[in-house]
Structure formats: structure tokens, C-alpha cells
Amino acid sequence: MAASVGKEVSNKQLILRDYVTGSPKESDMYVKTSTIKLEIPNGSKAVLLKNLYLSCDPVMRIRMNRAEDSIFASYTPGSALSGYGVAKVLDSRHPDYKEGDFVWGPAEWEEYSLVEEPNLTKIHHTDVPLSYYTGILGYPGITAYAGFYEICSPKKGEYVFVSSASGAVGQLVGQFAKLTGCYVVGSAGSQQKVDLLKNKFGFDEAFNYKEEHDLNAALKRYFPNGIDIYFENVGGKMLDAVLLNMRDHGRIAGCGMTSTYNLDEPEGIKNLMFIIYKRIRMEGFSAIEYYHLYPKFLDHILPYIRESKIVYVEDIAEGLENGAAALLGLFSGRNVGKQVLAIACE
């Protein structure tokens, strides 16, 4: 067993102070240090985890609301944030996990966790960075794979648009589109990210939406023949402009709508009639519904990663003290690539 098992150690956590309205602030969260005894109670089937990497995900903002009609459970004020992460098993009384295993799955934002009913995926491929299991090999990867291939059913030569294209999901969707033989354009919020899309991820074109005063005109410039597939990450004005530019029988995969998460009132969409005019199919989805495809997904993507035919960019912050800033940076565009919080290294 690891030397620390059985000892009482300090355990930092990132705590939500209270429910949030409007744009969250770093002061809405705070770091609390308590202690945890690194042992599993007798008769339990728990696992004891040392958390290594935590995933900063936009959906965490929704969980800061006092929500009554969301599929995402609200956080409890005064308790640690939770999401997804990568951990090492320090000890286990569960038959599916053993000491030394690396796992990914649901995670508390703390250094050590005792998980009574583990629902974790064992990591078998350690020739790639462990942090990848918060992103390209975790739910963001499944999201890109299922949304693009299962919902959008792409064909070679089609025109694909990806919003928030340099983020955890968008950068993969664009590369999947290129591997399928599509023409792909991405939008992002800075020139640095536009350059990344074109020069590292292989997008055909990209633009900074913050510099476009007329999104409809911008899309017509990049898609004179219209858009077959839109991978939707932002909602709001971008979705309204896209609807005007879709081709007949176009497909829209609704992954997220980050432009609306900090609004007290949802933003209205004016051009929904184009779903009828153009016979567009728009489908929202959650990656959890497609977890059963995970083995197929790994078979698809791991060879591309190993052959450097797919690349992935991470933005790694370190320590729970920097967790709030890293998480909130998602909504100001501060991160470049998948935002990860490193808690410990292996």
C-alpha cells in the first residue's frame, strides 16, 4: 500500500460559498483545508483516491444556480465543487479497483476523496498524458465524437462550422471534420486562437467573432454556399446567424450554449422558422447518453493521437488555490485549449 494510507492528512477543497446569479466571481468560491484519514471503513466497498487532475467545464456554472428545472444537479453551498477528474487509487475494498489503478470519472474538487459507490473508468492506456482523460479521452472527447458522427452524420465534402472552436470539444470536432474530408471553419475569441485553429488544428478558415459586427455577413463570407453541419457550443446571436446560413437538410448538434450561462433571463432566438424553411434537424444531447460508445471511441481516436494525426491543446493551471480563476476563465476566454486543474503529479 501507499505509505500515506492509514494516516491523517490535510485535504484542501474548493467550496462554493452560495448560489450565484449573473457572472460568478472568484469570491463566490474559497479554499478550505480540513483533514481526512486515509482509510476505508470496515465493511465498505469504497475506494480511496488521490486526485491528480480536475476538469474545468462550462456546465459547472449551471450547477452554481439554484436550479429547479435543470438536468444538472445544483451544488450545495458550503460544499466542495464536483465534476470530472483523473485520480490514483490509494486503497480499495471494491472488487473492480485495486491500489495503483488510474481512473477517471466523477470527482470532488479536493486533494483526496473517499468514494463509497465508485462509478469510475479504469485507465488502461498510459502512453498518453493522464490529463487527457479530463478532455480528449474523457467526456469532452466522447461529446465531440458522438455529436459529430452520431448526430450530424457527416459526409465527405460537406461544409462544417464549429463555434468555440478552440475549446475542449471544438478543437476535436474540427479535426474529425477534416479527417472526414469536410470543409471546416471555426470561430474563437482572439487572434491567438484563430491562428491556433488554422495552424495547429488544420481548420480551413477561422475568425474572431469579437471583431465581427455582423455575424450573418461573416458566415456568408466563409460559407457562400451555406452550412451543412453546425456544432453548437455558444447559442445566442451566433445560433441566430447560423440559422440564416444553413443549407437544406442541415444538421445542428446542440452541445452547449455558453453565451447564456451567466444571463438571468435566457436570450431569445429570432430565426427559428428557418428550421422549417430549410428542413434543418437540430438535436441537443449529453455525452453521458453515449458513454456506451467509449470502447469504439478509444479504438477510433488513440491511433490518431499516437500518429500525431490528431493534436490536443491543454491549458493547465496548478493547485486548488487557482481553481476558481481557472474555472471562471472559461467565460472570459482566458484559457487556450482544454482547461485543466492539476492537483498532484504522478
[atom1] ([X]) with more than 12 external heavy atoms under 6.0 Å:
| X | atom1 | result |
| --- | --- | --- |
| E318 | CD | no |
| K155 | NZ | yes |
| E117 | CD | no |
| K309 | NZ | no |
| K45 | NZ | no |
| R66 | CZ | no |
| H213 | NE2 | no |
| K278 | NZ | yes |

In plain terms, say whether [X] and [Y] are close enough for a salt bridge, that is, a side-chain N and a carboxylate O under 4.0 Å apart.
| X | Y | value |
| --- | --- | --- |
| E321 | K12 | yes |
| R221 | E212 | yes |
| R251 | E158 | yes |
| R17 | D28 | no |
| D248 | R279 | yes |
| D204 | K178 | yes |
| D57 | R63 | no |

If hydrophobic clusters are built by linking Ile, Leu, Val, Met, Phe, Trp and Tyr wherever their side-chain heavy atoms come under 4.5 Å apart, do [X] and [Y] end up in the same one?
| X | Y | result |
| --- | --- | --- |
| L137 | L293 | yes |
| L14 | F72 | yes |
| F102 | I343 | no |
| V242 | V160 | no |

Which label fits [X] and [Y]: parallel for a plane angle under 30°, tilted from 30 to 60°, or perpendicular past 60°?
| X | Y | result |
| --- | --- | --- |
| F161 | Y230 | parallel |
| Y222 | F207 | parallel |
| F274 | Y277 | perpendicular |

Calculate, to the nearest 0.5 Å, the distance between atoms [atom1] and [atom2] belonging to [X] and [Y] respectively.
| X | Y | atom1 | atom2 | result |
| --- | --- | --- | --- | --- |
| L341 | I316 | CG | CD1 | 10.0 Å |
| M60 | L81 | CE | CG | 5.0 Å |
| N225 | Y159 | CG | OH | 4.5 Å |
| E232 | I252 | CD | CD1 | 7.5 Å |
| N245 | I227 | CG | CD1 | 5.0 Å |

Pair K88-E99, salt bridge (Lys or Arg N to Asp or Glu O under 4.0 Å): steps then yes or no: CA-CA 8 Å; K88 184 177 183 179; E99 178 204 339; over 6 Å; no
Polar side chain donor-acceptor pair, N65 to S74, under 3.5 angstrom: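 No - no donor-acceptor pair under 3.5 Å links their side chains.
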Polar side chain donor-acceptor pair, S44 to E116, under 3.5 angstrom: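 Result is yes, a qualifying pair exists.
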H300/F176 aromatic ring centres below 6.0 Å: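 H300 vs F176: aromatic centres under 6.0 Å.
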Close aromatic pair by centroid cut-off 6.0 Å: Y294 and W104: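 Distance test on ring centres: under 6.0 Å, yes.
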All side-chain hydrogen bond (donor to acceptor under 3.5 Å, both in side chains) counterparts of K98, not counting sequence neighbours: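 D101.
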Heavy-atom closest contact (G189 atom, Y209 atom, distance):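 Nearest heavy atoms, G189 then Y209: CA-CE2, 3.5 Å.
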Smallest separation among heavy atoms of I142 and F297, with atom names: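 Minimum heavy-atom contact is N-CZ, 4.0 Å.
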